[in-house]
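A short worksheet on the structure shown next.
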There are 2 protein chains.
Amino acid sequence: MTKSKIGLYLNKVNDSVTLLRECGIQPTPQRIAVIEFILNTRSHPSADQALEQVRLQCPTISRATVYNTLNLLVKKGLVRTQIIREGTVVFDCNINQHHHFIDEETGNIYDIPWDQLEVKGKDRLKDFEIVEFQVILRGRRKKK
Amino acid sequence: MTKSKIGLYLNKVNDSVTLLRECGIQPTPQRIAVIEFILNTRSHPSADQALEQVRLQCPTISRATVYNTLNLLVKKGLVRTQIIREGTVVFDCNINQHHHFIDEETGNIYDIPWDQLEVKGKDRLKDFEIVEFQVILRGRRKKK
DNA sequence: AAAATATCTTGACAAAGTCTAAAATAGGAC
DNA sequence: GTCCTATTTTAGACTTTGTCAAGATATTTT
Ligand SMILES: [Mn+2]
Ligand SMILES: [Mn+2]
Ligand SMILES: [Zn+2]
Ligand SMILES: [Zn+2]
């Protein structure tokens, strides 16, 4: 279990502990609960949604600790934030480049793999030095 | 002066009055001040930034009126909101499709014309019915 | 001018997020 | 194990963004 395995599902507490240690974060029960939740969901939750879920495992955890831990994980590069929902930042365990589709009816956020879309014409933007980019699509997810 | 001229700079109070009337909005001094500000800036301000600026012209206007008026203009289709800044919605007087570049140093938001970028591969997203999309780029604007 | 509408302002409220200081906890030295 | 210290957690205060309701103003209708 190395940092390079981020993004795979972690089912064992041991994996989370190892991962936290590798990042120089002391693995407390609260932090373990947060990291196990956030690295195992693809739902792009807000901090308060994370709090709600983490409390199922760790009922006494405080709001400040969830915020602190999520921000710490962002700083260490284990998760990232996305600005795609109104009113709140969401946390994304997919730290590779990718695009997003937002279902406007449900609010659900779906990852679109990086290689599924190609953005042409960026070279023509002479005035801008692009550090990162993504396509954000909105609409409805088709029922199958 | 018709609704089709939205997006051009409005310098005369008369134009704003006409535009508001065309949308079925009674042109009060407060609403005129808001629309003159928001349709003449390309800076993608938040509601509170708009309040600050509008108060230079109309010092007694309340926060609620600025929020109400901006939301009314959105409902009438004169401006739109964008979710590209952390913590707050921004208002955009450019209601045509376009992309955005965010300067991460200054926070400035720049419009990228629709035809400067092309997004290929959308047809392959069989599970999704796309209503709208845009490319969001982040980085630094080059000094000239 | 009086009544009825429409609009604006104020202040209360809620949600998202940060911060502080005290309490709890964990680790190391002995 | 006890003591000491550094780290962590917690509760609550506070800020910002945004909405809402009630009363005050302004405008329109009669
Ligand atoms: Mn809010
Ligand atoms: Mn905030
Ligand atoms: Zn994602
Ligand atoms: Zn724009």
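Throughout, a chain's letter reflects where its sequence line sits, starting with A, and its residues are numbered from 1.
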Just how far, in rounded Å, is C1' of C/dT7 from CG of B/L20?
14 Å
Test of understanding: with salt bridge (Lys or Arg N to Asp or Glu O under 4.0 Å), list the residues that count as partners of B/E132, not counting sequence neighbours.
B/R80
Is it true that atom CD of A/Q57 has more than 12 heavy atoms of other residues, nucleotides or ligands lying nearer than 6.0 Å?
no
Side chain of B/T28: nearest nucleotide among D/dG18, D/dT9, C/dT7?
C/dT7
For A/R85 and A/G107, indicate whether the former's side chain and the latter's backbone hold a donor-acceptor pair under 3.5 Å.
no
Of B/V90 and A/C58, whose closest DNA chain D nucleotide lies nearer the 5' terminus?
A/C58
Atom CZ of A/R85 and atom C1' of C/dG17 are separated, to the nearest Å, by 15 Å
Out of C/dA16, D/dG18, D/dT8, whichever nucleotide has its closest atom nearest the side chain of A/Q26:
D/dT8
Looking only at C/dT9, D/dT9, C/dG17, the nucleotide nearest the A/T88 side chain is C/dG17
C/dG17 C1' sits how many Å from A/D48 CG, rounded?
9 Å
Can you identify which nucleotide, out of D/dC20, C/dA16, C/dG17, has its nearest atom closest to the A/A47 side chain?
C/dG17
Which of these, A/H44, A/Q116, A/R42, sits in a side chain to side chain donor-acceptor pair (under 3.5 Å) with A/D111?
A/H44
Does OP1 or OP2 of D/dT10 have a side-chain N or O of A/Q30 closer than 4.0 Å?
yes
B/L72 CG - C/dA6 P separation (whole Å)
14 Å
B/E86 CD to C/dG17 P, straight-line distance once rounded to whole Å:
7 Å
Report the residue from A/K143, A/R138, A/R140 that forms a salt bridge (Lys or Arg N to Asp or Glu O under 4.0 Å) with B/E129.
A/R140
Could you check B/T69 against A/S46 and say which one's nearest nucleotide on DNA chain C is further toward the 5' end?
B/T69
Is any side-chain N or O of B/Q49 closer than 4.0 Å to OP1 or OP2 of D/dT17?
no
Just the rounded figure in Å: distance from C1' of D/dA11 to OH of A/Y67.
15 Å
Within the structure, does a side-chain N or O atom of B/T60 lie under 4.0 Å from either OP1 or OP2 of C/dT9?
yes
So, taking the atom named CG in B/L78 and the one named CD1 in B/I25, what distance separates them when rounded to the nearest 0.5 Å?
6.0 Å
Write down the distance between CD1 (A/I61) and P (C/dT25), rounded to a whole number of angstrom.
14 Å
So if I take every side-chain heavy atom of A/A64 and compare against C/dT10, D/dG12, D/dT9, which nucleotide ends up nearest?
D/dG12
Interatomic distance, B/R63 CZ vs C/dA14 P [rounded to whole Å]
16 Å
Please confirm whether the shortest side-chain N or O distance from B/N71 to OP1 or OP2 of D/dT19 is below 4.0 Å.
yes
Respond yes when some side-chain nitrogen or oxygen of A/T65 is under 4.0 Å from OP1 or OP2 of D/dT10, and no when none is.
yes
Want to settle it: does B/V89 or A/N68 sit nearer the 5' end of DNA chain D, counting the closest nucleotide to each?
A/N68
